[in-house]
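Heads up: the structure comes next, in structure tokens.
Here the structure is a predicted model, which means the values were calculated and not measured. Both counts, for ligands and for their atoms, begin at 1 and track the order of listing.
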Amino acid sequence: MQAGSNAHTTPTLDVFTAVRWCGTHLQLLDQRRLPHAEVWLDITDLQQAIAAIQSLVVRGAPAIGITAAYACVLAARKRATRKRAAGTDQDWPVHWRADCQRLLQARPTAVNLRWAIASMQQVLDAAGIGDQIQAGVDVEALLSALAQRAVQIQQDDLAANQRLAELGSALLDTDSTVLTHCNTGALATAGVGTAIGVIVQAHAQGKLRQVYADETRPWLQGSRLTEWELHRLGVPCQVIIDAAAAWLMASKQVDWLIVGADRVAANGDVANKIGTYQAMLVARHHGVKTMVVVPWSTVDVNTASGAEIEIELRDSDEVLAFQGQRVARAGSMAWNPVFDVTPAALVDYLVTERGVIAAPDRQKLLAMQQQSA
Ligand code: MRU
């Protein structure tokens with residue numbers, strides 16, 4: 001693969017990554033095909049990146065944000081080059097900002113998408129560039145700075161994952177049994193993952209007896225992706241159907257429910273994959289401790305509470321068909337919200353790279369935001 005002259009490439013990671021920046025384009029591991037086929041797709045422009053995010057080629061809040069950052073680079077290069085060829089290159093930033101708005105619409109719930117795009121726009125803001133390029137601005141240097149920022153976003157997430165794993169695993173005792181929901185591992189992040197990172201670290205420390213992974217209807221992130229990742233890492237894992245979670249917690253020793261999130265509101269409410277809320281309710285009922293593990297990029301202090309979080313609704317067919325085969329009556333309809341909101345009161349620990357918050361609430365979250373700002 002050829003890298004461009006001002007290319008910044010993803011450093012060699014010591015963990016598996018599903019998002020590879022090649023300097024000239026992006027490569028995504030197609031998560032729709034896992035675990036049966038490992039197929040990489042080349043993403044060369046904004047439209048392909050939007051389609052990949054919407055169709056869940058790439059998914060998981062941090063991985064969506066990282067992909068969006070690289071999509072901003074691809075869009076800027078295309079705009080700048082096309083305009084330069086036409087001899088009217090001053091106004092490409094206004095078109096690029098419109099591209100960013102389109103990218104923002106790709107999926108509504110994970111705040112990392114918005115956060116990453118805002119971070120990319122800050123590169124132009126910091127250079128004093130609004131809708132126009134002023135005379136004397138070095139466009140190549142600007143494009144290079146955008147690429148550098150995207151790589152930084154990916155590297156920061158990698159480092160945050162390591163810290164999350166350390167902080168979260170320290171809360172576990174030896175011989176712990178953990179239930180997790182959805183997929184929060186390397187496929188969903190730049191590193192070892194959030195909730196899965198904690199699990200993997202606890203396993204490495206000899207603290208883990210058993211992991212149960214909810215299969216995560218309807219898209220099966222748990223049975224297709226989490227089981228596959230944990231198996232690769234030698235972590236003992238059994239899949240359960242989502243509806244078995246209550247009975248699991250009632251009848252077996254489960255010490256922890258550990259999940260990631262797509263957005264944490266300022267009051268500590270947590271949006272995550274549909275089914276998280278019911279698992280958290282049952283965990284509280286049965287005295288199972290709950291841990292939500294997120295990079296700070298998933299905390300959105302501008303969202304006052306979970307009531308303000310837009311919950312993505314996806315197509316009926318994801319529920320009513322299985323592997324392309326219709327299982328319900330032709331013409332039947334499904335309501336398919338793919339996230340839910342767990343009230344902060346059900347969260348025992350919020351683990352971020354900035355620190356651990358027990359019983360998170362608005363005051364504690366805002367204090368952590370201010371401390372580290
Ligand atoms: O629809 P998805 O697969 O993008 O949903 C992913 C989740 O809900 C994850 O739990 C969340 O993004 C955290 S990933 C570290």
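Those atoms of ligand 1 with a heavy atom of Pro62 less than 4.0 angstrom away are 14 (S), 15 (C). The distance from ligand 1 to the heavy atoms of Thr194 drops below 4.0 Å at these ligand atoms: 15 (C). Close contacts of ligand 1 with Gln221, meaning ligand atoms under 4.0 Å from a residue heavy atom, involve 1 (O), 2 (P), 3 (O). Set against the non-hydrogen atoms of Ala261, the atoms of ligand 1 under 4.0 Å away are 11 (C), 12 (O), 13 (C). Here is the list of ligand 1 atoms found below 4.0 Å of a heavy atom in Lys273: 1 (O), 2 (P), 5 (O), 8 (O). Residue contact check: Ala61 has heavy atoms under 4.0 Å from atoms 12 (O), 14 (S) of ligand 1.
Smallest separation of non-hydrogen atoms from Lys273 and Asp262: N-OD1, 4.0 Å.
Distances from atom 10 (O) of ligand 1 to the heavy atoms of Asp262, Val294, Asn272 show the closest one on Asn272.
By the 6.0 Å and 45° rule, Arg232 stacks over the aromatic ring of Trp228.
Note on Asp125 versus Arg97: salt bridge recorded, some NZ/NE/NH1/NH2 to OD/OE distance being below 4.0 Å.
Of the heavy atoms in Thr189, only side-chain atoms (C-beta onward) come closer than 4.0 Å to ligand 1. At a heavy-atom cutoff of 4.0 Å, ligand 1 is contacted by no atom of His181, backbone or side chain. With a 4.0 Å cut-off on non-hydrogen atoms, Phe339 touches ligand 1 through its side chain and not its backbone.
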Worked verdict on Gln132 versus Asp91 for side chain to side chain donor-acceptor pair (under 3.5 Å): CA-CA 4 Å; Gln132 301 270 326; Asp91 68 343; 5.2 Å; no

Could you please spell out the steps behind the side chain to side chain donor-acceptor pair (under 3.5 Å) verdict for Asn183 and Arg224? CA-CA 9 Å; Asn183 171 266; Arg224 295 192 305 107; over 6 Å; no

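Where the criterion is an N or O separation shorter than 3.5 Å, residue side chain and backbone included, Thr184 fails it with respect to ligand 1. Of the polar atoms of Leu56, none of the N or O atoms is found under 3.5 Å from an N or O of ligand 1, judged by distance alone. Residue Gly60 has at least one nitrogen or oxygen atom sitting less than 3.5 Å from a nitrogen or oxygen atom of ligand 1, judged on distance alone.
Protein heavy atom at the shortest distance from atom 14 (S) of ligand 1 is Ala188 CB, 3.7 Å. The shortest contact between atom 3 (O) of ligand 1 and any protein heavy atom is with Arg59 NE, 2.7 Å.
Under a 3.5 Å cut-off, the side chain of Thr177 and the backbone N or O of Val254 do not form any donor-acceptor pair. A donor-acceptor pair under 3.5 Å is absent between the side-chain atoms of Lys364 and the main chain of Ile357, judged by distance alone. Looking at Asp269, its side chain never comes within 3.5 Å of a backbone N or O of Ser305 through a donor-acceptor pair.
Arg102 and Gln47 share a donor-acceptor pair across their side chains, judged by distance under 3.5 Å alone.
Val111 and Val264 fall into different hydrophobic clusters, defined by Ile, Leu, Val, Met, Phe, Trp and Tyr side-chain heavy atoms under 4.5 Å apart, directly or through other members.
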